[in-house]
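To start, the structure under review is shown below, and the notes come after it.
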Amino acid sequence: MSDKVVLLVNSVGNGGAERVVCILLDQLTQQGRSISLVCLERNDFYRLPKGLEVTYLSDFNGQEAGWKKLLYLPIFAWRLKQLIQQKDIHIVQSHVYRANYVNALSRIFGSDHFVQLVNVGQVSLYQQEGLLGKINLKLIEWLYPKADLLILKSQGMKTDLTNLMPNLSIKQVVIHNPYNIEKIQQQAQVEPVGWQKSPEKFTLVSVGRLIELKQIDNLIRVLTKLPDQVELVLVGDGPDKEFLKGLAKSQGVDERVIFVGRQDNPFAYVARADAFVMASRSEGFPNVLAEALLCGTPAIAADCTSGPREILAPETEQSHQLQIGDGVEWASVGALVAVGDVNAFADAIQTLMNHPEKADQYRQAGLIRGQDFNSDTIVAEYAREMWTAA
């Protein structure tokens, strides 16, 4: 069998996992590695390396109904198995749940390739998602043991999966997400579109989809506890946009909440903010938080069960989690507050406003911590797992 490696993903649509795949492809092709890309559907957002071999297993565009995507899993798996045989592929490393299911299922259908799964979120979240969540949990329970290697983005994700599936015996490793630091910092110098930082304002910025999971509503409520010069810039779009606009108006802070929509270059906004804020009730390994550090922006994050503590307080016990009423934890790289603790969030922001020297300390600490996620180092970890596979 050859040493050829395939990266398998749902698509290269706009998303954190898809961006990781593109960074891996870009750097590995530059190194002359034998690697190609397979997508379940056509929904291209990110630019791919020139000359890269790309195969699409369908003409889906990602907007299909969930039941249809589910029913097509065995069809995709069969097509993948045929491709593996035709191209003499040694390893398929898949990213995102559906791609992981297809990768493992093709093994059941008789493919003898080396199966690597990259898990992109907390599996336990599916316990809260009704019938669809139950189906996904059953698929994970059935298919993940068929893999040869499971890569998780954070220690918190690994702990979460271990608690859920204590008897999962396959090899598991933690590899953080890679970041092209030079590119991020170059993009951070570009002027943002549709918004200009006022020197009279203390600007908070949050980046991500406007969905309930991100708890942007708590950030809006935080504003009501802060002086009028504090504004919140929201970079992203999503189904909760109109609800959040209505909430801001009802709370009397609508003129202080600025919706700039989804942006190709969010770093231009993050770099000009006085603080980056993230209120999510759950994360895997939050790209936007690591990227904020690389932009030199002090960070305040909700201490959800995976990601923020690992990034902002790496020297602490990762199983520890703040509870409402615990106040602000001034960690080595940024501030942590309990999920949903609006008062602690407001206290943290007020402290950074009143003590610019503390904000400066966090800017420097963040830039240093961000170097740990340099794409050269992280891609080398991925490559080691790919090309030393049995």
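These numbers come from the heavy atoms of this one structure, side chains and all, not from hydrogens, waters or symmetry mates.
Around the CD atom of Q196, the shell of radius 6.0 Å holds no more than 12 heavy atoms that belong to other residues, nucleotides or ligands. Within a 6.0 Å sphere centred on CH2 of W78, heavy atoms belonging to other residues, nucleotides or ligands number 12 at most. Within a 6.0 Å sphere centred on CG of N354, heavy atoms belonging to other residues, nucleotides or ligands number more than 12.
Between the side chains of D360 and Q364, no donor-acceptor pair is found at a separation under 3.5 Å. S111 and S106 are not linked by any side-chain donor-acceptor pair at a separation below 3.5 angstrom, with hydrogens and angles left out of the test. A donor-acceptor contact closer than 3.5 angstrom is absent between the side chains of Q318 and T159.
R107 places a side-chain N or O within donor-acceptor distance of the main-chain N or O of H113, the cut-off being under 3.5 Å. Although no hydrogens or angles enter the test, the distance criterion places a donor-acceptor pair under 3.5 Å between the side chain of K69 and the main chain of G62. R369 contributes a side-chain N or O that, together with a main-chain N or O of I311, makes up a donor-acceptor pair within less than 3.5 Å.
Within the 4.5 Å cutoff, side-chain heavy atoms of P286 are placed close to those of P308. Between W330 and T351, some side-chain heavy-atom pair lies under the 4.5 Å cut-off. In this structure, the side chains of D240 and D217 stay at 4.5 Å or more apart for every pair of heavy atoms.
With sequence neighbours excluded, the residues that form a salt bridge (charged side-chain N to carboxylate O under 4.0 Å, His left out) with R19 are E291. Applying the ring pair (Phe, Tyr, Trp, His ring centres under 6.0 Å) criterion to F285, with sequence neighbours excluded, gives H176, F373. E182 is linked by a side chain to side chain contact (heavy atoms under 4.5 Å, CB included) to N180, Q186, counting only residues two or more places apart in sequence or in another chain.
How far CG of L247 is from CD1 of I220: 5.0 Å, rounded to the nearest 0.5 Å. With values rounded to the nearest 0.5 angstrom, L25 atom CG is found 11.0 Å from Q30 atom CD.
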May I have the step-by-step check of salt bridge (Lys or Arg N to Asp or Glu O under 4.0 Å) for K171 and E385, ending in yes or no? CA-CA 11 Å; K171 178 184 176 183; E385 296 298 339; 3.3 Å; yes

Salt bridge (Lys or Arg N to Asp or Glu O under 4.0 Å) assessment of K4 paired with D88: CA-CA 7 Å; K4 189 169 185 179; D88 192 25; over 6 Å; no

Residues L105, W142; criterion side-chain contact (heavy atoms from CB on, under 4.5 Å); working and verdict: CA-CA 10 Å; L105 193 55; W142 175 41; 3.7 Å; yes

Using distance only, find each side-chain donor-acceptor pair of residues 35-43 under 3.5 Å and give its atom names and separation, not counting sequence neighbours.
unit_1	atom_1	unit_2	atom_2	d
E41	OE1	R98	NH2	3.1
E41	OE2	R98	NH2	3.4
R42	NE	D59	OD1	3.3

Taking only distance into account, with no hydrogens and no angle test, what donor-acceptor pairs under 3.5 Å do side-chain atoms of residues 269-281 form with protein atoms, sequence neighbours excluded?
unit_1	atom_1	unit_2	atom_2	d
Y269	OH	V193	N	3.0
Y269	OH	V193	O	2.4
Y269	OH	Q263	OE1	3.2
R272	NH1	A188	O	2.8
R272	NH1	V190	O	3.3
R272	NH1	A268	O	2.8
R272	NH2	Q189	O	3.2
R272	NH2	V190	O	3.2
D274	OD2	K197	NZ	2.5
D274	OD2	T203	N	2.7
S280	OG	E283	OE2	2.7
R281	NE	E212	OE1	3.1
R281	NE	E212	OE2	3.4
R281	NH1	Q128	OE1	3.2
R281	NH2	E212	OE1	2.8

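Applying the side-chain hydrogen bond (donor to acceptor under 3.5 Å, both in side chains) rule to pairs touching residues 246-255 yields nothing, sequence neighbours excluded.
S124 pairs with exactly one of D160, N163, T305 by the side-chain hydrogen bond (donor to acceptor under 3.5 Å, both in side chains) rule, that one being D160. With R309 as the partner, the side chain to side chain contact (heavy atoms under 4.5 Å, CB included) test is satisfied by one option alone out of E329, Q321, E317, Q155: E329. Looking at N119, N10, N103 one by one, the single match for side-chain hydrogen bond (donor to acceptor under 3.5 Å, both in side chains) with S94 turns out to be N103.
Note: Y126 and Y97 have perpendicular aromatic rings, judged against thresholds of 30 and 60 degrees for the angle between ring planes.
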